[in-house]
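Both ligands and their constituent atoms are indexed starting at 1 by order of listing. Atoms considered below: every heavy atom in the structure, side chains included; atoms not considered: hydrogens, waters and symmetry mates.
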Amino acid sequence: MNIDRRTVIAGAAAMSATGFAGVYAPAHAASPLATTQVPGFYRYKIGDLQVTAINDGFFRRPLEGFIRNAELPAVQKVLSDQALATDSVTIPFTTLVINDGRKLTLLDTGNGNSGAPTSGTWMTNFRAAGFTPEQVDTVVISHFHGDHINGLRLKEGTTVFANAEVMVPDTEWAFWMDDTRAAAAPDGMKPAFANVRRVFDPMKAQVKQYKAGVEVVAGVNAIAAAGHTPGHTAYVIGGKLLALCDATNTPALFVTNPGWQAIFDMDGAAAEATRRKLLDMAIADKLQVSFYHAPFPATGNIVKDGAGYRMMPVAWSPAV
Ligand SMILES: [Zn+2]
């Protein structure tokens with residue numbers, strides 16, 4: 001049947017002539033508009049392990065000044081090519097809960113209540129996923145930036161994971177806990193040193209240092225991934241998932257252009273070398289990857305794309 005505009009108009013006239021509108025009951029009460037998002041957690045299986053990604057909101061910052069070794073127009077072009085904003089960059093936060101059926105391990109902790117107003121949803125999402133902070137056996141920390149450690153201790157001083165052993169990279173601990181280095185740090189770095197002390201000083205008894213290369217907890221192997229910070233660490237989880245942590249920030253920029261260095265990378269050249277090594281490893285070893293700073297649920301696979309790479313996000317699945 002060929003439906004043209006005249007047919008449609010004639011049809012509409014016929015409907016009103018027969019009282020079509022009266023056939024259906026009028027709408028019931030208007031559905032109120034929601035003011036909150038659904039809980040931000042997502043479960044997936046890695047071998048025998050169950051991984052749950054927990055969202056801690058996001059931080060938005062100006063694009064200008066974010067990448068230290070590229071001109072702004074070049075960065076804007078890469079974002080506009082992906083239909084993304086070109087004035088700001090959105091940096092989401094995603095931690096992982098790893099459950100082997102016996103022990104509960106947390107990989108990084110989010111911002112606690114110390115982050116941007118658009119973050120701080122971690123605990124709500126963690127509880128919505130069915131967990132409580134008391135259940136956590138081990139917290140594994142990738143590095144000591146506030147968005148990864150502040151969830152260990154609230155601003156008021158409360159310890160959040162009272163029953164957990166807190167595993168930290170030994171090189172990271174040595175760097176940030178060095179009194180001489182802290183005293184000599186430039187003014188811009190002093191708050192980061194002070195924050196590390198604020199978080200860890202009252203809980204030294206809970207902290208255990210680990211070396212890169214070891215199996216930190218069952219099924220979670222630490223890989224040295226220095227550059228972003230001196231002791232920054234990535235992980236292979238269950239032999240099948242590579243947790244990149246901050247070896248790349250948002251993939252739209254740093255997977256696409258692995259040579260770009262974020263302002264947060266303490267040693268830009270080392271961070272770039274680490275990033276390339278890990279992305280190549282993901283391809284060679286056919287590892288799924290997870291990010292700390294990618295769109296939720298922040299997991300996917302890596303493919304080569306020209307001079308860079310591309311992240312192919314995992315599709316939401318109703319099956320765990
Ligand atoms: Zn981070």
With a cut-off of 6.0 Å (strictly less than), are more than 12 heavy atoms of other residues, nucleotides or ligands near NZ of K190? yes

Between N150 and the options R198, H145, K155, the side-chain hydrogen bond (donor to acceptor under 3.5 Å, both in side chains) test singles out R198

In D246, T109, L107, the residue satisfying side-chain contact (heavy atoms from CB on, under 4.5 Å) with H148 is D246

Does H293 bring an N, O or S atom to under 2.8 Å of the Zn ion (ligand 1)? yes

OD2 (D147) - the Zn ion (ligand 1) - OD2 (D246) angle, nearest 10°: 170°

Describe, in one word, how the ring planes of W173 and F200 are oriented to each other, choosing from parallel (under 30°), tilted (30 to 60°) and perpendicular (over 60°). perpendicular

Atom of H148 nearest the Zn ion (ligand 1) (restricted to N/O/S, atom name only): NE2

